[in-house]
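First comes the structure, then the notes that go with it.
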Protein chains: 2
Amino acid sequence: MAKYPGVSMMVTRRLPRYYRCLEDLIQKGVERISSREFAQIIGFTASQIRQDLNCFGGFGQQGYGYNVSVLYQEIGRILSVDREYPAILVGAGNLGLALVNHMGFQQKGFKLTGIFDKNPSIIGKIVGGWPVCDVEEMGAFCKAHKPVAAALCVPDSAALEVAERLVRNGVRGFWNFTHHDLSLLYKQEDVAVENVYLGDSLMTLTFLVTELIEE
Amino acid sequence: MAKYPGVSMMVTRRLPRYYRCLEDLIQKGVERISSREFAQIIGFTASQIRQDLNCFGGFGQQGYGYNVSVLYQEIGRILSVDREYPAILVGAGNLGLALVNHMGFQQKGFKLTGIFDKNPSIIGKIVGGWPVCDVEEMGAFCKAHKPVAAALCVPDSAALEVAERLVRNGVRGFWNFTHHDLSLLYKQEDVAVENVYLGDSLMTLTFLVTELIEE
DNA sequence: TAGATTGTTAATCGATTAACAATC
DNA sequence: TAGATTGTTAATCGATTAACAATC
């Protein structure tokens with residue numbers, strides 16, 4: 001059973017925003033904050049912040065507000081960013097490598113445990129401390145290391161096949177950079193999918209810019 | 001004045017999905033499609049599809065449905081993906097390079113016209129056909145080439161300064177990969193911001209996976 | 001205690017879905 | 001013409017905002 005069954009996707013997606021914002025506040029030495037001040041900084045309404053937080057518990061105190069570091073810890077716990085779920089990267093192209101080098105998988109709930117690619121000219125190279133392995137070894141690796149999630153940076157054409165293979169091997173979450181909506185595939189089964197459609201994001205910007213500059 | 005002033009962000013963000021899905025259908029040789037069939041494939045409801053499309057015009061025909069290639073063209077036009085707005089990339093680290101090499105800026109409304117970085121060891125290298133230039137040259141470059149948009153792949157700490165410099169030089173849109181919410185900064189001014197919070201996206205997945213696997 | 005600010009309920013707003021008349 | 005499916009209006013649903021009593 002899910003710990004927070006009633007929580008909407010809207011609220012879920014705001015949690016990381018709160019978390020990061022609180023991190024900044026700690027950095028700046030802020031100890032307490034009211035929903036009103038918080039709202040100003042983060043760009044939501046005070047009502048929404050209080051409403052959101054109360055999905056998970058009463059972390060504030062009337063007349064005082066919220067203790068920044070307490071709230072930070074609480075949201076971190078809710079997000080489970082202190083976990084180290086074993087995760088793998090499939091597809092060590094430009095984007096995949098950028099994610100490994102640029103992003104901290106750790107401190108975001110995951111621990112990278114393997115990198116896989118199909119391209120023989122990449123296999124064997126060391127990336128972010130890990131040798132790139134042949135995708136053919138992926139099945140055996142999963143049986144041994146039981147990765148919980150996978151970052152999918154393979155070409156669109158390979159997305160479905162790779163995803164299905166991983167699900168058969170116990171992977172329960174995808175950070176999906178392909179353009180195949182995997183959440184459609186796994187609606188029934190218990191697989192979490194976070195789609196990152198970079199192409200769509202750029203096209204959205206195109207639309208917005210055009211709306212702005214075309215008279 | 002905006003061409004489509006009443007269109008919500010919700011609808012806007014679905015447009016690229018429609019566009020890509022139609023592309024796939026064309027590839028598969030599908031000529032016509034009803035909102036019902038389309039809904040099945042894309043994972044929305046038929047009502048929503050018809051509602052969405054009618055924000056922009058009546059592209060269908062009663063009793064027939066939608067002509068796939070006509071609809072594809074129409075949505076492409078609405079999104080302005082056939083434009084070639086001059087755009088630059090600032091920050092040629094792993095992520096920036098991945099975007100240049102992996103993404104097609106062209107065919108998504110933009111044309112990359114320059115790449116900038118602060119790091120002397122990167123400056124001068126050729127990436128995606130363009131030499132990486134010193135950020136110090138950015139002002140002069142903007143005056144000469146008038147880029148309309150910028151992909152921001154600089155460290156968080158540099159985000160605000162770079163963004164402000166670019167806005168002063170006429171940039172009207174940001175594809176923002178930093179964790180500073182630029183849309184907060186330019187609420188009043190006419191600057192479009194598409195925030196891509198990869199870290200938040202990964203934390204969201206962490207939350208979803210935890211909800212799934214913790215009993 | 002008095003002032004401040006939460007937690008929570010009620011009101012509003014917007015987005016999605018359902019229904020159906022218009023029409024190809 | 002009859003069948004199918006749109007465009008569009010009305011109903012529902014969910015998310016955001018406002019309000020205020022509870023309480024630190």
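Hydrogens, waters and symmetry mates play no part in the numbers below; they use all other heavy atoms, side chains included. Model, not experiment: these values are computed from the prediction. So you know, we letter chains A, B, ... as the sequences are listed, proteins then strands, and number each from 1.
- Judged by closest nucleotide on DNA chain C, G60(A) is the one of V11(B) and G60(A) placed further toward the 5' end.
- Here the P atom of nucleotide dG7(C) and the CZ atom of F59(A) are 9 Å apart, to the nearest Å.
- Nearest to the side chain of N54(B), among dT6(C), dT9(C), dG7(D), sits dG7(D).
- Atom-to-atom, CD of Q62(B) to C1' of dA22(C) comes out at 6 Å; the value is rounded to the nearest Å.
- Looking at which nucleotide of DNA chain C each of S8(B) and I33(A) is closest to, the 5′-most match is held by I33(A).
- A donor atom on one side chain and an acceptor atom on the other are not found under 3.5 Å apart for T12(B) and Y4(B).
- Nearest nucleotide to the side chain of M10(A), out of dT8(D), dT16(D), dC24(D): dT16(D).
- Ring-plane geometry between F174(A) and Y186(A) is classed as parallel, the angle between the planes falling under 30 degrees on a 0 to 90 degree scale with a further cut at 60.
- The nucleotide dC20(C) finds its pairing partner in dG7(D), both defining distances of the Watson-Crick or G-U wobble pair being shorter than 3.5 Å.
- Within the structure, every side-chain polar atom (N or O) of R50(B) is placed at least 4.0 Å from both OP1 and OP2 of dG7(D).
- Checking E37(B) against S34(B) by side-chain atom types alone, a donor-acceptor pair falls below 3.5 Å.
- Under 3.5 Å, the side chains of E23(B) and Y72(B) contain a donor-acceptor pair of N or O atoms.
- At a cut-off of 3.5 angstrom, the base of dA18(C) holds at least one donor-acceptor pair with the side chain of S47(B).
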